[in-house]
Number of protein chains: 2
Amino acid sequence: MAPKIKDVAKKAGVSVTTVSRVLNGEKYVKDDLKERVKSAIDELGYTPSHIARSLVRKKTNLIGVIVPDVTSSFYSTILSNIEQTASLNDYNLLVCNIIEDTDKELKYLNVFKEMRVDGIIIMHEKLNDEIREMIGKLDIPIIFSSVKPPDQQFISVIIDDYEAAYDATRYLIGLGHERIGFIGGDMRDVTSGQNRYIGYCKALADNGIPLVEDCVRFGDYKTQSGYTLIQELLDCEPRPTAVFAVSDDMAVGAMNAVRDRGLAVPDDISIIGFDGSQLTELVRPRVTSMEQPIREMGTVTVNVLIEMIAHPEKAPKQDVILRHELVVRDSCRRNE
Amino acid sequence: MAPKIKDVAKKAGVSVTTVSRVLNGEKYVKDDLKERVKSAIDELGYTPSHIARSLVRKKTNLIGVIVPDVTSSFYSTILSNIEQTASLNDYNLLVCNIIEDTDKELKYLNVFKEMRVDGIIIMHEKLNDEIREMIGKLDIPIIFSSVKPPDQQFISVIIDDYEAAYDATRYLIGLGHERIGFIGGDMRDVTSGQNRYIGYCKALADNGIPLVEDCVRFGDYKTQSGYTLIQELLDCEPRPTAVFAVSDDMAVGAMNAVRDRGLAVPDDISIIGFDGSQLTELVRPRVTSMEQPIREMGTVTVNVLIEMIAHPEKAPKQDVILRHELVVRDSCRRNE
DNA sequence: ATGAAAGCGCTAACAT
DNA sequence: ATGTTAGCGCTTTCAT
């Protein structure tokens, strides 16, 4: 059996309180006692039980994280930064990977509650009623990262997706493109679905370019869906000279489809992505992308959450909006 | 304050023991009492405290996982499967991302100990003395996934890297290649460093092909290192007609470098990767790779670990060796 | 079939 | 400056 505080106290010839005091770095312990306790701890190989501590302190230093898919470059990068920032602040991560599995999410939310996690980070916006209700009466600080659920009560760390999509489209227009296809996300998603689509539409409208419904498709942000959907766009007459894909994964899928059809990016068609995932630099041509500050997003999310945990009464009422940034690489060119 | 078992007992007009009994699905509770307790639980929105439970049961249902880099396609895929299998068995994951940071790993190992996790999964093999010592006296079941540290005392879920590398090299030889470059890993790593290199050497030797030191480089498994190292191989006279990179990431980096130099894969040079990461299908040409059963690896790791947790006395003494498999795609061709 | 009470390992009044 | 003790929320003998 692992040694407990009582064993240390006995060995050092002091009370458990004294041991607890040196454990928690309190003053009011004479140096010689402190030394005795420390060597007792060393000899016994004692490590305090976080469990017991949590029980009395009513604080677990645990953050529950719900990721849609850890294998995605986008989410894993945010997760990586979440982990780093959490670790820096002595928080540990309970990670749940839900692959569109509502039951699993519900289960994990319940686990988070049982575990008495101090805070929760959620990275998807498809909240059904059950989950909404569960979350609503959870009484644990919750923050959304990179997404914004329709509910006003929750706060998010996001970019302005509307504006980012607007800027991405404008970039294409500025390059002389007028037939610009769109490969969108899930229109049930407010940020990554609706807002990006609206931004695209508005940019066209502001520049007197008519929206061609036939050049618009919606997918699920993944490579395969970009691969599939662009094929329909390539069949349009006249063919778009540029395509805006609302995720880098979809952009890469689209680029592969173009290539597999014997066409070239960007010579035959320009493609711009969205997110700023590592993939943009891995493929050839490298993907021009409207980037989110992914790493910063993870960091900010944790910092805001920790603030909410520390001061639940003054929880922020406003979303945190980070800046998006166009990073030009090689997948778009001027339309002559 | 969240309701506790005592509140439920009071509300239902029974003892806490009875509540505990229905919570844990024991028999010996009359139906009407059971009903009363259940509705009290519902009305109060009571959720048992995992903390308190863990304290008395001396079981946390927590598994600590140490990943070198969650943003890597290879590790995140294993992690995803670890999570899935753990969740299926009611275990939760405490995830630690160490980016070659020994201090952080040490810290986390200590956190795992404090948290009294039931088991630990480690996915890297660079154990320095400090970590080795820490792990040695941890008294928590530990299993290594996809890697094998030099120490005989720990068990691993791995493939036979030597044989896999041998087979990969033989595939290239079978394609008619005789000048076969090698982009290896870290020679301090037994599995992914040494064994793959030795397999490569042995395959050459068995086929009467002399090893050309100049066509061998060692990197860190990442894209950038593949990109850099292959440049030196391309300068060799005569130039290798094929290259074996011991990770898909390095293979992709190498392919990019080849392309950026105006050469083509596989027409000018064949490149075979290793791992079977998602990347192989994402880039063009798609990467022929000696694949590890990544998904199975995560599943098996958790299953074995859970077995070790349940029966610490009869811990497996043998590594679990999974089968590797060559998946032919488009990055290698016959050398005429 | 149900309940009283001890204790899991620790912290935090409170007392000295 | 140090020690005593009462919980934290639950499970689990042991009684009844």
Side-chain angles (χ1 to χ4, degrees), chain A residues 1-38 40-41 44-62 110-118 139-140, chain B residues 1-38 40-41 44-62 110-118 139-140:
Chain A
M1 212 55 258
K4 12 190 199 177
I5 199 170
K6 205 172 168 184
D7 301 321
V8 177
K10 196 170 297 173
K11 178 137 204 158
V14 297
S15 73
V16 293
T17 313
T18 303
V19 178
S20 174
R21 281 193 179 110
V22 347
L23 244 30
N24 295 291
E26 271 183 49
K27 28 206 161 202
Y28 304 139
V29 182
K30 267 190 186 142
D31 285 350
D32 60 324
L33 271 198
K34 196 179 291 181
E35 283 319 310
R36 263 171 36 214
V37 170
K38 277 184 179 165
I41 288 176
L44 262 32
Y46 167 78
T47 307
S49 160
H50 186 96
I51 311 280
R53 224 172 226 183
S54 300
L55 187 59
V56 22
R57 289 220 263 241
K58 291 174 176 313
K59 180 143 194 329
T60 55
N61 275 48
L62 243 33
N110 203 52
V111 167
F112 290 169
K113 193 180 172 196
E114 288 185 349
M115 292 278 213
R116 308 296 195 249
V117 300
D118 292 336
D139 200 33
I140 297 176
Chain B
M1 213 54 262
K4 13 192 199 178
I5 199 172
K6 203 171 169 183
D7 301 322
V8 176
K10 196 169 295 172
K11 178 139 204 158
V14 297
S15 74
V16 293
T17 314
T18 301
V19 177
S20 174
R21 283 196 178 107
V22 346
L23 243 29
N24 296 291
E26 272 183 50
K27 28 205 161 201
Y28 303 138
V29 181
K30 268 190 187 143
D31 286 350
D32 60 323
L33 271 198
K34 198 178 288 179
E35 285 319 310
R36 276 194 359 237
V37 170
K38 278 184 178 165
I41 288 177
L44 260 34
Y46 168 78
T47 306
S49 160
H50 185 97
I51 312 280
R53 225 171 225 184
S54 300
L55 188 60
V56 24
R57 289 220 262 241
K58 291 176 176 312
K59 179 139 193 334
T60 54
N61 276 47
L62 245 32
N110 203 52
V111 168
F112 290 169
K113 192 178 172 195
E114 288 184 349
M115 291 278 212
R116 307 296 195 251
V117 299
D118 292 336
D139 200 35
I140 297 175

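Below, read A as the first sequence line, B as the second, and so on, with proteins coming before strands; counting in each chain starts at 1. Just so it is clear, the structure is predicted and the values come from calculations on it, not from any experiment.
Atom CG of B/N61 is separated from atom CE of A/M115 by 7.5 Å, given to the nearest 0.5 angstrom. Rounding to the nearest 0.5 Å gives a distance of 8.5 Å between NZ of B/K38 and CG of B/D31. Taking CD1 from B/I51 and CD1 from A/I51, the interatomic distance works out to 6.0 Å, rounded to the nearest 0.5 Å. In this structure, B/N110 CG and B/E114 CD are separated by 5.0 Å, a value rounded to the nearest 0.5 Å.
Nucleotide C/dA12 holds its C1' atom 14 Å from the CG atom of A/L23, rounded to whole Å. Rounded to an integer number of Å, the gap from B/E114 CD to C/dG9 P is 15 Å. Rounded to an integer number of Å, the gap from A/L44 CG to C/dG9 P is 13 Å. In this entry the distance linking CG of B/N24 with C1' of C/dA1 reads 17 Å, nearest Å. One atom, CG of A/D32, and another, C1' of D/dT2, lie 12 Å apart when rounded to the nearest Å. Spacing between atom CD1 of A/I41 and atom P of C/dC10 amounts to 10 Å, rounded to whole angstrom units. With rounding to whole Å, A/R36 atom CZ is found 13 Å from D/dA1 atom C1'.
A donor-acceptor pair is defined here as one N or O able to donate and one able to accept, closer than 3.5 Å; no such pair exists between the side chain of B/H50 and the backbone of A/R116.
Considering only side-chain atoms of A/T18, the nucleotide from D/dT2, D/dC10, C/dC10 that sits closest is D/dT2.
Base engagement by B/S20 is indicated by at least one non-hydrogen atom pair under 4.0 Å involving a base atom.
Listed pair A/K58 / D/dG9 meets the phosphate criterion, a side-chain N or O lying under 4.0 Å from OP1 or OP2. Residue B/S15 has no polar side-chain atom (N or O) positioned under 4.0 Å from OP1 or OP2 of C/dA4.
Of the residues in residues 46-56 of chain A, those lying under 4.0 Å from DNA chain D by heavy-atom distance are A/L55, A/V56. Contacts between residues 2-13 of chain B and DNA chain C, counted as heavy-atom distances below 4.0 Å, involve no residue at all.
Side-chain contact check for A/L33 versus A/V22: every heavy-atom pair is 4.5 Å or farther apart. No side-chain heavy atom of A/R36 sits under 4.5 Å from any side-chain heavy atom of A/T18.
Checked by distance alone, B/R21 brings a side-chain donor or acceptor within 3.5 Å of a matching partner on the base of C/dG3. With hydrogens and angles left out, the side chain of A/T17 and the base of C/dT11 share no donor-acceptor pair within 3.5 Å.
For the 3.5 Å distance criterion, the side chains of B/T17 and B/S20 fail to qualify, holding no donor opposite an acceptor.
Counting non-hydrogen atoms of other residues, nucleotides and ligands closer than 6.0 Å to NZ of A/K34 gives a total above 12.
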